[in-house]
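One is the number of the first residue; the rest follow in order along the sequence. From a predicted model like this one, the values you see are computed outputs, not experimental measurements. The analysis underlying the following values was restricted to heavy atoms, covering all of them including side chains, and did not include hydrogens, waters or symmetry mates.
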Amino acid sequence: MLLDTEAGPGTSGAPQAASKATSKVPAAENTLRILKLLASRRGPMAASQIASTLGLPRSSVYHLLGVMEANGFVLHLHEEQRYGLGISAFELSSAYSRQEPLSRLGRPLLASLVDALGESAHLAVLHGRDVLYIVEERAKNRPSLVTDVGVRLPSHLTASGRAILAALPKSQVRALYPNAAAFTARHEVEGAIMKYSALSSHLDQVRQRGYATEHGEVTPGFGSIAAAVTDHLGWPTAAVAVTFLEDKVPAGQWPALAARVQKAADELSVRLHGRPAK
């Protein structure tokens, strides 16, 4: 097999070989590079484009693509002479989702955040125009929140949603909020975001300071601070947030809380092999 011919002598069974796998097994490394490249693109790519983008010989790329095609990881579109991800790659993605890595990796970080701050924390992901809460860690002696696991809320109303939206391309946000009908409100609050111009301006502020806030838009009297969790491409995967009674936390303490939330979000980004939000 290809991987056997590419590996150098003395690699099998050697404990030190694992740390040098990249240099000892170039075919494996290049296979993964091709898969990651295809996953990062919106559509299939020609083999020549893959080779030039990655700086690999065309013959090697065709060889690796042939092996991946035979195993279902890439699909060759003969009419277009391009390659895209195959069903085996989709199955890996589905398995990743089934194992709930975000929840499993995020829960202990949220628990530590709750212990440090004494306030409730949660982890949410974007689902359409809503945020879906997948983890909640409630602080001792703190009231229950509407942000329970499985609950969905309009993303523009929540700190978690705003943190994620601010990390998306502006064109993507505009597509999610094409008109006034896309905006809803739970309560009448001063400065409510009910049109795209207001949302866009607010997200600019979130980008500048690095974290998002919410003041009673979800539940009157409660505030939230959130920061985005990003993947290896800088794409927002989720958001970490803390929620608290606003009259118990003076405005001057919010930046310190935000720093702790950002640290937890960055740590989760790293654990997901992502890139911490800047």
Side-chain angles (χ1 to χ4, degrees), residues 96-127 130-153 155 157-168 206-207 209-219 221-278:
Y96 180 85
S97 299
R98 286 196 302 272
Q99 291 178 11
E100 300 179 327
L102 266 174
S103 297
R104 292 175 181 270
L105 292 174
R107 187 169 286 108
L109 290 174
L110 262 63
S112 297
L113 192 61
V114 170
D115 288 342
L117 301 179
E119 302 292 352
S120 298
H122 43 260
L123 182 68
V125 297
L126 192 66
H127 195 279
D130 295 338
V131 284
L132 172 66
Y133 294 90
I134 61 175
V135 178
E136 183 189 39
E137 289 289 332
R138 190 183 305 172
K140 186 178 181 180
N141 300 323
R142 289 295 187 266
S144 59
L145 304 170
V146 298
T147 52
D148 200 358
V149 173
V151 168
R152 295 184 188 183
L153 290 173
S155 59
L157 297 180
T158 70
S160 295
R162 293 168 182 175
I164 296 172
L165 292 175
L168 288 173
V206 173
R207 295 184 189 101
R209 66 174 175 245
Y211 62 90
T213 60
E214 176 254 316
H215 299 269
E217 286 99 325
V218 174
T219 304
F222 283 84
S224 293
I225 296 172
V229 176
T230 56
D231 66 11
H232 65 290
L233 297 174
W235 194 265
T237 302
V240 172
V242 293
T243 299
F244 44 85
L245 285 164
E246 289 198 72
D247 61 2
K248 301 292 186 183
V249 182
Q253 294 181 14
W254 284 48
L257 282 180
R260 299 299 294 265
V261 173
Q262 284 179 298
K263 183 178 180 181
D266 286 352
E267 176 63 23
L268 183 52
S269 297
V270 171
R271 292 190 180 193
L272 289 170
H273 302 288
R275 184 175 61 195
K278 294 182 180 179

Nearest heavy-atom pair of [X] and [Y]: which atoms, and what distance?
X: Leu132; Y: Gly150; answer: CD1-O, 3.5 Å
X: Ser120; Y: Ala139; answer: OG-N, 3.0 Å
X: Val135; Y: Ser103; answer: CG2-CA, 3.7 Å
X: Ala265; Y: Val240; answer: CA-CG2, 4.0 Å
X: Leu165; Y: Arg207; answer: O-NH2, 4.1 Å
X: Glu136; Y: Asp148; answer: OE1-OD1, 3.5 Å

Flag, side chain of Ser155 to backbone of Val131, donor-acceptor distance under 3.5 Å: no
Under 3.5 Å: donor-acceptor pair, side chain of Gln262, backbone of Gly210: yes
Roughly how far apart are [X] [atom1] and [Y] [atom2], rounded to 0.5 Å?
X: Ile225; Y: Ser160; atom1: CD1; atom2: OG; value: 11.5 Å
X: Ile164; Y: His127; atom1: CD1; atom2: NE2; value: 12.0 Å
X: Glu246; Y: Glu214; atom1: CD; atom2: CD; value: 7.5 Å
X: Ile134; Y: His122; atom1: CD1; atom2: NE2; value: 11.5 Å
X: Thr243; Y: Arg142; atom1: OG1; atom2: CZ; value: 12.0 Å
X: Leu102; Y: Arg107; atom1: CG; atom2: CZ; value: 11.0 Å

Audit row: Arg271, Glu267, salt bridge (Lys or Arg N to Asp or Glu O under 4.0 Å) steps and yes/no: CA-CA 6 Å; Arg271 292 190 180 193; Glu267 176 63 23; 3.1 Å; yes
Plane angle bin for His215 and Trp254 - parallel if under 30°, tilted between 30 and 60°, otherwise perpendicular: parallel
For the residue pair [X] and [Y], establish whether any side-chain heavy-atom pair is separated by less than 4.5 Å.
X: Thr158; Y: Tyr133; result: yes
X: Leu105; Y: Leu272; result: yes
X: Arg162; Y: Glu217; result: yes
X: Leu126; Y: Pro236; result: no
X: Val261; Y: Tyr211; result: no
X: Leu113; Y: Arg260; result: yes

Residue pair Val249, Glu119: steps toward the side chain to side chain contact (heavy atoms under 4.5 Å, CB included) verdict: CA-CA 10 Å; Val249 182; Glu119 302 292 352; 4.1 Å; yes
Partner of Glu137 under side-chain contact (heavy atoms from CB on, under 4.5 Å), chosen from Asp115, Val242, Val114, Leu123: Val114
Stepwise side chain to side chain contact (heavy atoms under 4.5 Å, CB included) test for Phe244 and Leu257: CA-CA 11 Å; Phe244 44 85; Leu257 282 180; 3.9 Å; yes
